[in-house]
J.: 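Structure provided below as structure tokens; questions to follow.
Every heavy atom of this structure was used, including side-chain atoms; hydrogens, water molecules and symmetry mates were not.
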Amino acid sequence: MKIIIAKDIGFCFGVKRAIKIARDTRKKTDENVWTLGSIIHNPQVVDKLKGEGIVPANDLDEIDSGYVIIRSHGARPEVLQEIKKRGFTVVDATCPLVKRAQEKARKLSNEGYETFVIGDKEHPEIMGIVGQTEGRIQVIDTRCDWSIDEKEKVGLIAQTTQSLETLEKVIQKILPKVKELRVFNTICDVTNRRQKEVKKLARGSDLMIVIGGRKSANTSRLASIAREEGCKTCHIEQAEELKGEWFTPKSKVGVTAGASTPDWIIKEVVSKLEQMDKKEEILHGRRIRSRD
Ligand code: SF4
């Protein structure tokens, strides 16, 4: 088995920053420290932080006192106001690139553009962006059928984890319908680089292992891109999910991970792959010898 690990892999700076902010808050206070929703879309990291006293709450009603951390995906302004109104302290760990997308959404909307964001309606980042424009921005979910009528002025941004190809396709579809189209490329550089790398890696591999939370948009996107390249792709959260039947001794296995996947999980997966490879070699060797 040949294992090829992506160069750009694991926590992105936005995730590292959010976790550092959470841990720094934990250190500086004896009060309760909460995150509103999972701080990142990785259950193993969320559990680890819970053990350190950084507790996820699904709803503000679960919180009785202390500090509330806004995760890297950001939040709607009403949520921030409500946290303050209830007397808790807000700690904003929104990724600066998500903040940029929020600012661009507000700008376009305030300047009179009928504004659209490409993304997943149910994703917290998109809910935060929509909230920043008091619901004036509309969501284009390219997984469903969508179209727009003829318009004068249209503004367009994208969820930070979208692919450049998707943004380009949407522009091509909108452009003939509008007199003016203003686009801000709000796709994050880390996402962009990793998507390019996974494409290349998938082309040269027999199997792609994509490691990361099942709810992580950027991890799922990496897995879809690898599949679109025609490569058999398995999206796993942990090493235990690897199965021997996926590989042969000659398999070229590409490994990548989402921006919310910690190094320790990546190392466990790679080390399990190496162990499986050794077992395969021994079995294979024995098979050859017994034929002799
Ligand atoms: S993937 Fe990009 S936008 Fe998302 S948290 Fe990381 S750096 Fe920020």
J.: Under the side chain to side chain contact (heavy atoms under 4.5 Å, CB included) rule, what do T133 and T115 come out as? Steps first, then yes or no, please.
T.: CA-CA 9 Å; T133 61; T115 306; over 6 Å; no
J.: With distance as the sole test, does S224 use its side chain to make a donor-acceptor pair with the main-chain N or O of S220 at under 3.5 Å?
T.: yes
J.: Are any side-chain N or O atoms of Q195 and backbone N or O atoms of T161, one a donor and one an acceptor, separated by less than 3.5 Å?
T.: yes
J.: Are W146 and V170 packed together at the side-chain level, in the sense that at least one heavy-atom pair is separated by less than 4.5 angstrom?
T.: yes
J.: Can a salt bridge be assigned to the pair D120 and R143 using a cut-off of 4.0 Å between side-chain N and carboxylate O?
T.: yes
J.: If only atom types and distance count, is the side chain of K177 paired as donor or acceptor with the main-chain N or O of I148 below 3.5 Å?
T.: yes
J.: With side chains defined as the heavy atoms from C-beta onward, is the minimum distance between W34 and L60 less than 4.5 Å?
T.: no
J.: Roughly how far, to the nearest 0.5 Å, is the CH2 atom of W246 from the OG1 atom of T233?
T.: 11.0 Å
J.: Would V183 end up clustered with I118 when hydrophobic side chains under 4.5 Å apart are linked, directly or stepwise?
T.: yes
J.: Run the salt-bridge test on K107 and E111 with the 4.0 Å N-O cut-off and return the result as yes or no.
T.: yes
J.: Look at atom NZ of K173 and say whether more than 12 heavy atoms of other residues, nucleotides or ligands are closer to it than 6.0 Å.
T.: yes
J.: What are the two closest heavy atoms between T160 and T191, and how far apart are they?
T.: O-OG1, 3.5 Å
J.: Run the side chain to side chain contact (heavy atoms under 4.5 Å, CB included) check on T29 and Y67 step by step: do they pass?
T.: CA-CA 9 Å; T29 179; Y67 288 71; 3.5 Å; yes
J.: Between the side chains of T256 and E197, is a donor N or O closer than 3.5 angstrom to an acceptor N or O?
T.: no
J.: Going from CG on N218 to CD on Q159, what distance comes out if it is rounded to the nearest 0.5 angstrom?
T.: 9.5 Å
J.: Under the side-chain hydrogen bond (donor to acceptor under 3.5 Å, both in side chains) test against Y113, which residue among E180, E152, K153, K151 passes?
T.: E180
J.: Work out which heavy atom in G14 is nearest to a heavy atom in C95; give both atom names and the distance.
T.: CA-SG, 3.9 Å
J.: Test your reading of the model: is there a side-chain donor-acceptor pair from T261 to the backbone of A257, 3.5 Å cut-off?
T.: no
J.: Before giving the answer on salt bridge (Lys or Arg N to Asp or Glu O under 4.0 Å), spell out for E241 and R214 the whole-Å C-alpha distance, their side-chain angles and the decisive distance to 0.1 Å.
T.: CA-CA 13 Å; E241 294 167 50; R214 296 200 205 288; 2.4 Å; yes
J.: Do K243 and E245 sit within salt-bridge range, that is, some charged N less than 4.0 Å from a carboxylate O?
T.: no
J.: For L97 and C188, which heavy atoms make the closest approach, and how far apart are they?
T.: CD1-CB, 3.6 Å
J.: For the pair V117 and I126, evaluate side chain to side chain contact (heavy atoms under 4.5 Å, CB included) and give the outcome as yes or no after the intermediate values.
T.: CA-CA 8 Å; V117 54; I126 291 292; 3.6 Å; yes
J.: Are E82 and K85 close enough for a salt bridge, meaning some N to O gap below 4.0 Å?
T.: yes
J.: If you define the side chain from C-beta out and look only at heavy atoms, does anything of T35 sit under 4.5 Å from R71?
T.: no
J.: Going by heavy atoms in the side chains, are I70 and L80 under 4.5 Å from each other?
T.: yes
J.: Pick out which of R76, R106, K99 makes a side-chain hydrogen bond (donor to acceptor under 3.5 Å, both in side chains) with Q132.
T.: R106
J.: Using 30° and 60° as the class boundaries, would you call the ring planes of H123 and H41 parallel, tilted or perpendicular?
T.: perpendicular
J.: Taking the side chain from E62 and the backbone from N58, do they hold a donor-acceptor pair closer than 3.5 Å?
T.: yes
J.: Could you walk me through whether R193 and D189 pass the salt bridge (Lys or Arg N to Asp or Glu O under 4.0 Å) check?
T.: CA-CA 6 Å; R193 269 201 315 273; D189 286 346; 5.5 Å; no
J.: Decide whether V269 and M276 are clustered together by the hydrophobic rule: side chain heavy atoms of Ile, Leu, Val, Met, Phe, Trp, Tyr closer than 4.5 Å, transitively.
T.: yes
J.: Looking only at heavy atoms, which two atoms of I21 and V91 are closest? And how far apart?
T.: CG2-CG1, 3.4 Å
J.: Do H73 and T94 have side chains that approach each other closer than 4.5 Å (heavy atoms only, starting at C-beta)?
T.: no
J.: Of all heavy-atom pairs between I40 and S72, which one has the smallest distance, and what is that distance?
T.: CG2-OG, 4.2 Å
J.: May I ask you to decide whether K252 forms a salt bridge with D206, counting only side-chain N to carboxylate O separations under 4.0 Å?
T.: no
J.: Apply the test side chain to side chain contact (heavy atoms under 4.5 Å, CB included) to residues V79 and L36: give CA-CA distance (whole Å), side-chain angles for both, the deciding distance (0.1 Å), then the verdict.
T.: CA-CA 10 Å; V79 174; L36 194 53; 3.4 Å; yes
J.: Work out which heavy atom in G37 is nearest to a heavy atom in P56; give both atom names and the distance.
T.: O-CB, 4.0 Å
J.: Is the closest basic N to carboxylate O distance between R203 and E229 below 4.0 Å?
T.: yes
J.: When you check the gap from the basic side-chain N to the acidic O, do R194 and D8 get nearer than 4.0 Å?
T.: yes
J.: Hey, is D61 close enough to R86 for a salt bridge, meaning N to O under 4.0 Å?
T.: yes
J.: Say whether, by atom type as modelled, one donor and one acceptor occur between the side chain of R23 and the main chain of A18 under 3.5 angstrom.
T.: no
J.: Quick one: pull up CD1 in I225 and NZ in K196 and give me the separation to the nearest 0.5 Å.
T.: 11.0 Å
J.: Under 3.5 Å, is there a donor-acceptor pair between the S109 and R136 side chains?
T.: yes
J.: Return the NZ to CZ distance between K232 and R227, rounded to the nearest 0.5 Å.
T.: 11.0 Å
J.: Drop me the distance from I4's CD1 to S205's OG, to the nearest 0.5 angstrom.
T.: 4.5 Å
J.: So if you build clusters from Ile, Leu, Val, Met, Phe, Trp, Tyr with side-chain heavy-atom gaps below 4.5 Å, do I157 and V154 land together?
T.: no
J.: Can you confirm whether L167 sits close enough to I187 that some side-chain heavy atom of one is under 4.5 Å from a side-chain heavy atom of the other?
T.: yes
J.: Is there side-chain contact between V139 and I137, with at least one heavy-atom pair below 4.5 Å?
T.: no
J.: Using a strict threshold of under 4.0 Å (side-chain N to carboxylate O), is an ion pair present between K199 and E165?
T.: yes
J.: Could you tell me whether a side-chain N or O of E31 sits under 3.5 Å from a main-chain N or O of S65, the two making a donor and an acceptor?
T.: no
J.: Any ion pair linking D263 and K267 (charged N to carboxylate O, less than 4.0 Å)?
T.: no
J.: Taking atom NZ of K2 as the centre, report whether more than 12 heavy atoms of other residues, nucleotides or ligands fall under 6.0 Å from it.
T.: no
J.: Is the cationic atom of K16 (NZ for Lys, CZ for Arg) positioned less than 6.0 Å from the six-membered ring centroid of F11 and within 45 degrees of its normal?
T.: no
J.: Identify whether V190 and F184 are in the same connected component of the hydrophobic contact network (ILVMFWY, side-chain heavy atoms under 4.5 Å).
T.: no
J.: To the closest 0.5 Å, what do you measure between CD1 (I211) and CD1 (I209)?
T.: 8.0 Å
J.: Is there a continuous path of hydrophobic side-chain contacts, each under 4.5 Å between heavy atoms, that joins V33 to I63?
T.: no
J.: Would you indicate whether the side-chain heavy atoms of M1 and P249 approach each other to under 4.5 Å?
T.: no
J.: Tell me if a side-chain donor or acceptor on S216 pairs with a main-chain N or O of G212 at a distance below 3.5 Å.
T.: no
